[in-house]
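Counting starts at 1 for both ligands and their atoms, following the listed order. We use all heavy atoms of the structure for the numbers below, so side chains are in, but hydrogens, waters and symmetry mates are not.
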Amino acid sequence: MHGASVSLRELDKRYGRVQAVDQVAIDIRPGEFLSLLGPSGSGKTTLLMMVAGFEQPDSGVIWVGDRDITHVAPNRRDIGMVFQRYALFPHMTIAKNIAFPLRMRRFSKEMMSRAVANALELVQLEGFETRLPSQLSGGQQQRVAVARALVFKPPLLLMDEPLGALDKKLREQMQIEIKRLQQSLGITVIYVTHDQEEALTMSDRIAVMREGHLEQIGSPTELYDAPATAFVADFIGKMNFLDGECLRHDARCFEVAISRSGTIVLDSGSHPLVTSPQRGARVRLAVRPERIELVPYGSQNLNGLVEAVIFVGSSHTFLVRLAGGELLHVQCQASRAGNSLCEGDRVGISIPSNSVLVFPQMEC
Ligand SMILES: Nc1ncnc2c1ncn2[C@@H]1O[C@H](COP(=O)(O)OP(=O)(O)O)[C@@H](O)[C@H]1O
Ligand SMILES: [Mg+2]
């Protein structure tokens, strides 16, 4: 099996007054695992349905390999699909369910049974041929759905929140299984999810969707370390935001007043500026919990009060309240010193210049 390249060119889809998909353009490499990530209603399913052929775009073009499939019927696109609801036929055995796409394609009986056996082996469900879907657990049913989607060896697999109905533990196990399967087969996957952790775990690249448009596309680390907008910063991983006013911005330093809480002075040269604000501009600073350091009270221009200490196995999270009311999440490795801090302690807040992202405030 070989993965197909996919090229989505300026796709638009409108339902009445809702622009469900807005000028989305994405190029996907053969064998790539691409996730569409975004909140509910951001257009992920609509985009996937257009690739599958169950929805027609108002404008734009869809290429799979060197084939323009924009107006090709769904059953002639050679694309596998797995939905959140497994959509197995309840009255058909597992073997018949998996053979269904092959029957549609008029495979011989002999080829069908060999392909079904292979597909069952792929998802580690050998011996389940004669059972009915109702005799399988949710996770097993979803594996059957995956086997059915892969049985005709499509070069492209579309998955729409396929693990949404499973509990957390099984979901995490299935994430690894699906990823391993995708890698060993070398197929291209477009995977829809609203769960950022799932997207980070599984994807080569993530396309973040917002209100129908593509907000940013990049590898998990690119999106985590260099989010292009406050929306992406907020959606991927845990992020602290501090709103403030630019007091000074010159070649050497950049100083921001955080309401009544104090000021943050950053070294102009060493931190990534998403925007380059002028004096008086309202800005939104963003910093990851693991990039903040708690230091002795009074040693910084920004101080706070430890409101809670949360132990989560490998790390401590401190909730620190600033004078102006803002709440910061600060994460430290459990083994590190400084974990002797308790609720009620006063602390200084040290944030390295290169850990701060600066966004304009009005976009948020
Ligand atoms: N068949 C439809 N008719 C009318 N509106 C729709 C239809 N399908 C989707 N929408 C609207 O399009 C937007 C995007 O929906 P959808 O693609 O399902 O988002 P997501 O999968 O990200 O949750 C939503 O505002 C939704 O209400
Ligand atoms: Mg959806």
Side-chain angles (χ1 to χ4, degrees), residues 6-26 28 32-62 64 69-71 73-75 77 79-88 138 141-142 145-146 148-149 156-168 171 174-175 178 182 188-203 205-218 220 223 227-237 364:
V6 180
S7 184
L8 313 179
R9 306 267 171 86
E10 282 76 35
L11 289 174
D12 265 323
K13 181 70 186 181
R14 176 181 280 277
Y15 296 109
R17 267 180 305 177
V18 178
Q19 188 74 47
V21 171
D22 187 3
Q23 289 288 300
V24 170
I26 305 176
I28 306 166
E32 184 170 16
F33 195 113
L34 180 101
S35 289
L36 303 175
L37 174 69
S40 173
S42 57
K44 307 180 297 294
T45 293
T46 305
L47 187 58
L48 205 69
M49 286 298 137
M50 292 195 287
V51 179
F54 298 116
E55 289 286 357
Q56 272 294 306
D58 297 333
S59 61
V61 184
I62 302 167
V64 174
I69 60 157
T70 318
H71 303 291
N75 60 342
R77 291 190 181 199
I79 296 175
M81 277 221 68
V82 181
F83 303 92
Q84 173 169 352
R85 306 203 149 269
Y86 326 125
L88 300 179
Q141 288 185 44
Q142 192 55 302
V146 171
R148 185 176 60 182
L156 173 61
L157 179 61
L158 309 179
M159 305 181 100
D160 192 350
E161 313 232 6
L163 308 180
L166 306 179
D167 64 48
K168 185 172 164 62
R171 205 161 65 224
M174 289 289 291
Q175 287 168 5
I178 290 173
Q182 179 260 339
T188 308
V189 170
I190 307 179
Y191 190 97
V192 164
T193 180
H194 65 268
D195 178 346
Q196 51 100 12
E197 256 179 68
E198 184 161 289
L200 289 173
T201 307
M202 302 181 80
S203 317
R205 281 190 307 160
I206 300 170
V208 180
M209 305 268 304
R210 179 190 193 186
E211 291 171 5
H213 70 263
L214 183 61
E215 184 88 352
Q216 187 177 3
I217 183 164
L223 296 186
T229 64
F231 178 83
V232 175
D234 195 21
F235 206 78
I236 306 256
C364 317

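- At a cut-off of 3.5 Å, with distance as the only test, a side-chain donor of H194 or E161 sits close to an acceptor on the other residue.
- Near ligand 1, heavy-atom contacts under 4.0 Å come from Y15, V18, A20, P39, S40, G41, S42, G43, K44, T45, T46.
- In this structure the side chain of F235 never reaches within 4.5 angstrom of the side chain of R210, judged on heavy atoms.
- Qualifying side chain to side chain contact (heavy atoms under 4.5 Å, CB included) partners for D234, counting only residues two or more places apart in sequence or in other chains: F241.
- Using a cut-off of 2.8 Å, one finds that T45 contributes an N/O/S atom close to the Mg ion (ligand 2).
- Formation of a donor-acceptor pair under 3.5 Å by the K44 side chain with backbone atoms of Y191 is not found in this model.
- Put simply, the side chain of P57 reaches to within 4.5 Å of the side chain of T70, judged on heavy atoms.
- In this structure, the side chain of S35 does not engage the main chain of L37 through any donor-acceptor pair within 3.5 Å.
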